[in-house]
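Have a look at the structure below, then the notes.
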Amino acid sequence: MLVVVYSIASCIPSNDFVDWCRLHDLNIDYRRVYDSQFPQINYNYTMKEIEALLGRKFHRFPVIYIDGKFCPTISDAKGILDAH
């Protein structure tokens, strides 16, 4: 399974989820999104670029895709990953 996570640096739950995925040796692709609270941190995308790339609006982080399917919450994502 491929887990793709888009997040800003200041989102603690996102960081915890990424750490959880790495702890469980999951195949994770973590992409940073521009964070106005930490403008000095390197980033891969801006929010507008993410929305254009994925073709939908996002109102919170993290944005999680598992094998190309959107997961609306961290708990949903963990449930799917625990089941495999």
Side-chain angles (χ1 to χ4, degrees):
M1 300 190 99
L2 175 61
V3 181
V4 180
V5 179
Y6 300 92
S7 186
I8 56 177
S10 61
C11 182
I12 305 276
S14 297
N15 297 329
D16 291 345
F17 177 68
V18 168
D19 290 343
W20 182 87
C21 288
R22 289 180 177 149
L23 181 67
H24 288 85
D25 293 323
L26 298 170
N27 186 12
I28 185 167
D29 182 10
Y30 173 54
R31 301 296 180 146
R32 283 197 174 107
V33 179
Y34 173 75
D35 187 346
S36 61
Q37 292 184 40
F38 295 99
Q40 72 279 10
I41 292 178
N42 291 338
Y43 60 93
N44 304 102
Y45 300 99
T46 65
M47 184 57 137
K48 286 185 180 185
E49 289 171 332
I50 292 294
E51 291 175 343
L53 177 70
L54 300 175
R56 63 183 295 164
K57 277 279 214 198
F58 296 101
H59 302 286
R60 63 182 178 175
F61 287 101
V63 175
I64 303 170
Y65 278 81
I66 299 175
D67 286 342
K69 295 181 183 174
F70 176 67
C71 290
T73 67
I74 291 172
S75 60
D76 289 343
K78 283 185 175 181
I80 291 167
L81 295 169
D82 279 338
H84 284 72

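- Expressed to the nearest 0.5 Å, how far CD1 of I12 lies from OG of S7 amounts to 10.0 Å.
- In this structure, the separation between CG on L81 and CD1 on I74 is 11.5 Å, given to the nearest 0.5 Å.
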Candidate pair I50 and R31, rule side-chain contact (heavy atoms from CB on, under 4.5 Å), full reasoning: CA-CA 10 Å; I50 292 294; R31 301 296 180 146; 5.8 Å; no
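- Transitive grouping of hydrophobic side chains (ILVMFWY, heavy atoms separated by less than 4.5 Å) brings M1 and V5 into a common cluster.
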Can I get a per-line list of side-chain donor-acceptor pairs under 3.5 Å for residues 54-67, giving both atom names and the distance, sequence neighbours left out?
{"unit_1": "R60", "atom_1": "NH2", "unit_2": "P72", "atom_2": "O", "d": "3.4"}
{"unit_1": "D67", "atom_1": "OD1", "unit_2": "L2", "atom_2": "N", "d": "2.8"}

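- Rounding to the nearest 0.5 Å gives a distance of 9.0 Å between CD1 of I8 and CG of N15.
- Taking hydrophobic clusters as Ile, Leu, Val, Met, Phe, Trp and Tyr residues chained together by side-chain heavy-atom distances below 4.5 Å, F70 shares a cluster with V33.
- Atom-to-atom distance recorded for I80:CD1 and H84:NE2 is 8.5 Å, nearest 0.5 angstrom.
- The 12-atom threshold is not exceeded at CG of N42, counting heavy atoms of other residues, nucleotides or ligands nearer than 6.0 Å.
- For the atom pair Q37 CD and C11 SG, the distance stands at 10.0 Å (nearest 0.5 Å).
- Separating the OH atom in Y30 from the SG atom in C21 is a distance of 11.5 Å, to the nearest 0.5 Å.
- For D76, the side chain to side chain donor-acceptor pair (under 3.5 Å) partners at least two apart in sequence or on another chain are T73.
- The closest side-chain heavy-atom distance from W20 to R22 is not below 4.5 Å.
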Audit row: D35, I41, side-chain contact (heavy atoms from CB on, under 4.5 Å) steps and yes/no: CA-CA 8 Å; D35 187 346; I41 292 178; over 6 Å; no
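- Among Y45, Y6, Y43, the single residue meeting the ring-ring contact (aromatic ring centres under 6.0 Å, His included) criterion with Y34 is Y43.
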